[in-house]
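Side chains are part of it too, since the values below use all heavy atoms of this structure and drop only hydrogens, waters and symmetry mates. By convention in this document, chain letters (A, B, ...) are assigned in the order of the sequence lines, proteins followed by strands, and residues within each chain are numbered from 1.
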Amino acid sequence: MITQDVDIRNRYIKAKRAIFDKIYDHLNDRQREAVFTVNSPLLVLAGAGSGKTTVLVNRIAFIIKYGNAYMNEYVPEDVDLDEVEKLEHALILPKEDLESIAFDFASNPCPPWAVLSITFTNKAANEMKERLSRVIGEQASDIWAGTFHSVCMRLLRKYTAEAGLAPGFTIYDTDDAKKLITNCLKELNIDEKVLAPRAVMNQISRAKDQLQTPSDFAAEASDLRLKQIAKVYELYQRRLTESNAVDFDDIIMRTVQMLENHPEVRDYCQTRFRYICVDEYQDTNKAQFRLTLLLSGKYRNLMVVGDDDQSIYKFRGATIENILGFDKELPDAKVIKLEQNYRSTKCILGAANAIIRNNIGRRGKELWCDNPDGDRIVVKKLDNQNEEARYIINKIMDSVIREKRKLSDFAVLYRVNAQSNSLEQVFAKSGVAYRMLGGLRFFERKEIKDIIAYLCVVSNTGDNLRLRRIINEPKRKIGEATVNAVAQIAEAEGCSMFDVMENADKYLAISKSASKLKEFTYLIRELQRIAAADKVSKLIESTIELTGYRKMILLMGDTELERLENVQELVSNAVEYENSHEEPTLSNFLEEVALVNDIDNYDENADAVVLMTIHSAKGLEFPVVFLPGFENGLFPGIQSQMQPDEMEEERRLAYVAVTRAREKLFITHVRERLIYGHTSYNHPSKFLEEIPEEHLERDMPKKPAEERKPGERPKRNVISREFLKQSDLTANVGRTKGFERFNAGDAVEHMSFGRGEILSVKEMGADLLYEIAFESVGTKKLMATYAKLKRV
DNA sequence: ACCAGGCTTCTTTTT
DNA sequence: GAAGCCTGGT
């Protein structure tokens, strides 16, 4: 049988596809097309809120279940009219039945371990795994899902020698890297005022993003400044290697180099990964693009998802070229645009579109939606940042009471962390439960970094930088001069500083401090014995004790006790790590510490308003969003105003900010703002002018005439008056119903802080300020209007 | 070697 | 405004 009836063939294929279309009818046409396109490079341009994670999850599940079942035109030879008609009639069956029929179409389905899914945060990776396991069950755990860095670390740990590293190598974070660069500058006798360490670090980091080695960089260095940076880069890289350490950029760059230089490793990886998906593609850099090309080199099943309009990490080396030029590099790539937004109201989307339209360097995309028009965006001008914060809290409480919203429905997104201070203070006073992300991060606290540094030296005595950090912390009377002498000897002998210290009495230059230096090495050796015999958590406790760190903190006085708590928290972290990992080792723990950050494990379920920068809000959504500080000079920032491409990045950031909101958006700006120690008088953001007036509602104070006599100054306590006036609050907590007045000594209960005792009461305008000692959270000052206290 | 007080510096920062 | 870094004195 050579010629099958063409009609039957076509009907068979059509029926098959109709069945898949129905199974995936919860997706729109474009989304479905992306799910079914599995055998070629694929670029998905996914606008904000267009369901890109849904597409990623469904596509991976589809690949594992059905392989290339949709696109292929295979028709079994024995198909006859009867069978085709059966398929055509099957369409009326429920989805579950269709799915079992669909398994017969499966064509070369992919085992889960051959799928690699790369995201930008650990949080996104976990979310991805969770959603996948809901669709395909426990198979999901075999999928490689992680960040660029975690995936590369897995490869580097496996092919350590090929990557030119020694086992147990450590990761330097940005802070470590900056310190090392400072050391290098000193060593090269370059004045820090001429070349700022920070700038050098950025430049080196950008070079690594572009896969430039120190010699590449030197070859291209045209002026004196670049030539000097090239020298620093070279020395910096040498120091890293000597310490058997990598920085964040090295993790990617070294993986790329390893894959390029070792065909056998490359072949293994290329054969292993049949399907590769990359999320947030607009924020990848050249090295990462190169990496994905290398890994997908054999099957070329590379799918990238991104939105050029949401690229906001250019300053970190992300290049929009990756997304703009993807189909140039891979000419057979299919490009699919997802332009239907499922997240926001028409009004919010209209504003977002209006803003982003002003950018020139875009791929061109216009989001639309079927959602309701929604409320207009509320724009409010306040007098200063404290009033701005109070206004936000008022609006939140108002909405909680009137619309029965949860506190976790609200997000306050700001441009710079410096704005967070005043916001936090007002929130803390108000008693409204809030959570702030991205302030001082746990692993960036000094005491935590110190203990980690001890662990790093225990794990890798070659780690000179960490050794320098802790050699005299707590004080051991080992001064800078001695440390530098040790470093010089180590350099001359070609060994580590630790090695020199162990044989300190052999070197004349440091003989005076020999006993102190050796004592330190005994301490590390002792900790190594503990590390070999016991769990990580036990090692940390021993470290705190034996190094004298605990004693040191206790001697610093009561104000520093928090440090001890933090250090204890690190022990808890380690216990948690031991419980959740099958093979808990010290070096794996250290890797996790270096690669995981606070935002990854913040508790989403807590009912609290969330405060964070717009950058960290990327990928998140909230029913109600507040955008304080929409002012020229702050957003867009003062330094972007002159440079068009910086301005475009700011505009993309504004676009990201606006599109985080599902239902309601509040934009505020103030007359005078105290920031960085200076008061500035900013005009409303130019981005605000770009939003058509039809989408906006100016929130003007509606003042009945009798409220304020001419010439009378407005009362200081603007919040509670405005608050009481504009909301139905009076019925709930307002004075008319006489919310109970408490006195010092009363025992009370607060909705989020629990039980406490009133310490003092102070009149504040129309309101009362209570100072309350809570049993669990300590003493706080709360305004009576917000505190919602109950007598107990 | 250590400490205290004065100086600068300050975008954003998934890793 | 606050943190971190350098400098100079002990």
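Judged by distance alone, the side chain of A/D463 and the main-chain N or O of A/N460 form no donor-acceptor pair under 3.5 Å. Put simply, the side chain of A/R225 never gets that close to the backbone of A/L195: no donor and acceptor are under 3.5 Å apart. Put simply, the side chain of A/R476 gets close to the backbone of A/I471: a donor and an acceptor are under 3.5 Å apart. When atom types are taken as modelled, the side chain of A/R469 and the backbone of A/L465 share no donor-acceptor pair closer than 3.5 angstrom. Panel note: side chain A/T659, backbone A/V656; a donor-acceptor pair is recorded below 3.5 Å.
Taking side-chain N and O atoms only, A/N472 has a distance below 4.0 Å to OP1 or OP2 of B/dC2. At least one side-chain nitrogen or oxygen of A/T482 sits closer than 4.0 Å to the OP1 or OP2 atom of B/dA1. Between A/T613 and B/dT13 there is a side-chain polar atom (N or O) within less than 4.0 angstrom of OP1 or OP2. Using a 4.0 Å cut-off, no side-chain N or O of A/N202 falls inside it from OP1 or OP2 of B/dT13.
One can place CD of A/E473 at 14 Å from C1' of B/dA1, the figure rounded to the nearest angstrom. Protein atom CD1 of A/I118 is 14 Å distant from nucleotide atom C1' of B/dT14, rounded to whole Å. Atom C1' of nucleotide B/dC3 and atom CE of A/M552 are separated by 15 Å, given to the nearest angstrom. Taking atom NE2 of A/H149 as the reference point, atom C1' of B/dT13 lies 12 Å away to the nearest angstrom. Across the protein-nucleic acid pair, A/K475 atom NZ and B/dC2 atom C1' stand 8 Å apart, rounded to whole Å. Rounded to whole Å, the distance from NE2 on A/H678 to P on B/dT9 is 12 Å. Summarising the geometry, the separation between NZ on A/K477 and C1' on B/dC2 is reported as 9 Å, rounded to the nearest angstrom. Look at CG on A/L437: it is 15 Å from P on B/dT12, rounded to the nearest Å.
Residue A/R415 places no side-chain atom within donor-acceptor reach of the base of B/dT11, judged by atom type and a 3.5 Å distance cut-off alone. For A/R198 against B/dT8, a side-chain-to-base donor-acceptor contact under 3.5 Å is absent.
Between A/F289 and A/F326, the ring planes lie tilted relative to each other; the angle falls in the 30° to 60° range.
Considering only the side chain of A/E646, B/dT11 comes nearest among B/dT14, B/dT11, B/dT12.
Here A/A481 lies in heavy-atom contact (under 4.0 Å) with sugar-phosphate atoms only. Within 4.0 Å of A/E480, counting heavy atoms only, lie sugar-phosphate atoms of the nucleic acid but no base atom. Within the 4.0 angstrom heavy-atom criterion, only backbone atoms of the sugar-phosphate kind lie near A/I478; the bases stay farther away. At a threshold of 4.0 angstrom between heavy atoms, the contacts of A/Y313 include nucleobase atoms, whether or not backbone atoms are also involved. Residue contacts for A/R652: at a heavy-atom cut-off of 4.0 Å it reaches no nucleic acid atom on any strand shown.
Side-chain atoms of A/S422 and A/Q385 include no donor-acceptor pair closer than 3.5 Å.
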- Item | Protein proximity profile, nucleotides 2-10 of chain C - base contact B, sugar-phosphate-only contact S, no contact -, cut-off 4.0 Å on heavy atoms | ----S----
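In this structure B/dT11 sits in the syn conformation; its chi angle is within 90° of 0.
Judged by closest nucleotide on DNA chain B, A/K516 is the one of A/K516 and A/R316 placed further toward the 5' end. Looking at which nucleotide of DNA chain B each of A/S150 and A/I312 is closest to, the 5′-most match is held by A/I312.
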- Message: Does A/H615 form a ring-ring contact (aromatic ring centres under 6.0 Å, His included) with A/Y313? I'd like the steps, not just the answer.
- Response: CA-CA 8 Å; A/H615 279 91; A/Y313 284 98; 5.1 Å; yes
